[in-house]
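Atoms within each ligand, like the ligands themselves, are counted from 1 in listed order. Small disclaimer: the values here were computed from a predicted structure and weren't measured.
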Amino acid sequence: MRIAIPKEILPEEKRVAATPETIKKYIALGFTVEVEEGAGEGVLISDNDYRNAGATIATDVEKMFAAADIVLKVKQPVHNQQKNKHEVEMLRENSVLITFLHPAAPGNHAMIRNLQKKNITALTMDGIPRISRAQRMDALSSMSAVTGYKSVIMAADRLPKFIPMIGTAIGTIKPAHFLVIGIGVVGLQAIATAKRLGGVVKSLDIRKNAAIEADSLGAKPIEFDIPQELAVGNGGYAKSLDSDWLVKERRLIAGHLGDADVVILSALVPGEIAPILITREMIQAMKPGSVVIDVSVDQGGNCDATEPGIFVEKHGVHICGIQNIPGRMAVHASWLYANNLYYYVENLFKKGPGMLDFDDEIVKCSLVTHNSRIVHEGALKAMQ
Ligand code: NAD
């Protein structure tokens, strides 16, 4: 079977779906691999590096798609301006596509329907269940770890202050104060990074377990006395709070904003729009020059003053709505993603080349379209 690795064409996307290391492993499994010319440019991998790993280099992306049994990508298919064709149009009928599809997002519904019409077997990397067997394939966690780290670095870059405590001949410079709200994978990595830089870190989550994890990394959890049956649902994930509890939570947060130099916002409820935890009015309580990084922007954001894709300044506070943060740290994001994808493909074809294992739980959870049907529950619910 032939695997194709196209160059990502979303603006600012530098990641790539395979590295020379994973290409060697695909070839060892019996696949042939073709990589589009320049696909690794953004992560400093040359065409020759791919050739040396055993791949062929394609100069015409349309022909590459047409000849591929499996296309591996990072982001969802989009319109290719050079070819004036959508990537879905270029896929061969009955072929396999594996990438991040975010099939429930309304902006992707038309594309998902087109995959269905073309009888593509489409599998989404954001559908992988968090079971221990799938840990090596968990691309969402990998990208969240990159995001947590980079969000703190982006904040540090904006902040006109030192992060650590610094002793000088003039006197001692106090360390910067961080408030990290939402302690999933992003929040935990943000805490670890802020601590490594020497920041003083407070954290807040509605799950009591998250407070324990934050504490173990050296953050001081803010106590929020919410009954756990209201805050935690299936699989230990957060539930969305009713408006009374959200008001209580905002009041609690407001009391801590005046101390914070940096706020990292990464509070999410699976499958739902992000809760608004900081309002425009609350921003006024913050010190001028402080920074808010709203990592939840793709799900609507945790701050209602965030604008997608840009930094805005409100009352002297810098609020960041930059999207696709992993794409800004493309080398390690690609290394992690390419390996997650390899383990996913290895599991998918564990019955042998050409034999997709549709009985496997990981495959079932990530399957979006197959046999000209949309089978992804989240997508079907969102499309109704
Ligand atoms: P997520 O991205 O769904 O949510 C981020 C965080 O936001 C969560 O901690 C959630 O509790 C929090 N949140 C939601 N509403 C909030 C509110 N109103 N106020 C404050 N915080 C709020 O989370 P995630 O990164 O997917 O991680 C969720 C859990 O899953 C964590 O316990 C994590 O350790 C666990 N996890 C397990 C595995 C694994 O077993 N392989 C992999 C990844 C994550």
Side-chain angles (χ1 to χ4, degrees), residues 100 102 104 125-149 151 179-192 202-217 219 221-257 263-279 282 292-304 325-326 336 340 343-344 347 361-362 365-366 378:
F100 271 119
H102 301 293
M125 292 299 281
D126 55 278
I128 294 172
R130 259 115 182 225
I131 54 174
S132 52
R133 189 167 64 83
Q135 270 181 12
R136 293 198 299 184
M137 310 166 205
D138 189 351
L140 266 186
S141 288
S142 300
M143 296 307 104
S144 294
V146 174
T147 301
Y149 170 85
S151 63
L179 173 58
V180 181
I181 303 180
I183 315 298
V185 181
V186 173
L188 289 170
Q189 194 57 238
I191 292 172
K202 283 185 199 169
S203 67
L204 174 65
D205 200 295
I206 54 176
R207 295 180 300 116
K208 294 268 184 274
N209 281 347
I212 297 166
E213 289 177 295
D215 185 47
S216 73
L217 289 172
I222 296 172
E223 270 200 41
F224 182 32
D225 213 5
I226 179 165
Q228 286 300 277
E229 62 276 18
L230 296 181
V232 186
N234 282 348
Y237 284 96
K239 292 209 275 203
S240 58
L241 304 187
D242 66 24
S243 54
D244 286 351
W245 278 103
L246 263 182
V247 168
K248 282 183 200 167
E249 186 177 8
R250 285 190 202 125
R251 209 176 290 141
L252 179 68
I253 292 169
H256 292 270
L257 288 180
V263 178
I264 306 284
L265 294 171
S266 65
L268 287 177
V269 175
E272 304 213 10
I273 201 148
I276 297 292
L277 301 176
I278 298 186
T279 61
M282 288 163 73
V292 175
I293 308 280
D294 195 345
V295 172
S296 303
V297 59
D298 281 335
Q299 283 78 15
N302 291 136
C303 171
D304 64 2
I325 295 177
L336 288 164
N340 293 142
Y343 290 117
Y344 182 86
N347 178 65
E361 184 188 355
I362 298 168
C365 290
S366 45

Who's closest to [atom] heavy-atom-wise, of [options]?
atom                    : options                : answer
atom 10 (C) of ligand 1 : L241, D205, L188, D138 : D205
atom 6 (C) of ligand 1  : G184, P129, P270       : G184
atom 34 (O) of ligand 1 : R130, R250, E249, E213 : E213
atom 5 (C) of ligand 1  : S266, G182, A231, S296 : S266
atom 7 (O) of ligand 1  : L268, V295, N209, N302 : L268

Query raised in the report: Backbone, side chain, both or neither: what part of I183 comes under 4.0 angstrom of ligand 1, heavy atoms only?
Result: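 Near ligand 1, I183 shows its backbone, while the atoms from C-beta on stay back.
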Requested in this report: Specify side chain, backbone, both or neither for S141, according to which of its non-hydrogen atoms lie closer than 4.0 Å to ligand 1.
Outcome: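 S141 to ligand 1: side-chain contact only, backbone stays beyond 4.0 Å.
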May I ask you to decide if [Y]'s main-chain N or O and [X]'s side chain share a donor-acceptor pair within less than 3.5 Å?
X    : Y    : result
S151 : G148 : yes
N340 : R136 : yes
N302 : S296 : no
D294 : C303 : yes
T147 : I325 : no
R250 : I276 : yes
D205 : I183 : yes
K239 : N234 : no

Report task. Pull out every atom of ligand 1 sitting under 4.0 Å from any heavy atom of Q135, numbered as shown with elements. Result ->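 Here the atoms of ligand 1 in question are 41 (N).
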Query raised in the report: By number and element, which atoms of ligand 1 are closer than 4.0 Å to a non-hydrogen atom of L277?
Result: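 With L277 as reference, the close atoms of ligand 1 come out as 18 (N), 19 (N).
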Closest non-hydrogen protein atom to [atom], residue and atom name please, with distance?
atom                    : result
atom 30 (O) of ligand 1 : Y237 CE2, 3.8 Å
atom 25 (O) of ligand 1 : V185 N, 2.8 Å
atom 15 (N) of ligand 1 : I206 CD1, 3.6 Å
atom 32 (O) of ligand 1 : R207 NH1, 3.0 Å

Query raised in the report: Are any non-hydrogen side-chain atoms of W245 and I206 less than 4.5 angstrom apart?
Result: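 Not touching, per the 4.5 Å side-chain cut-off.
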Query - atom 22 (C) of ligand 1 within contact range, any protein heavy atom under 4.0 Å - result: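 It does; a protein heavy atom is within 4.0 Å.
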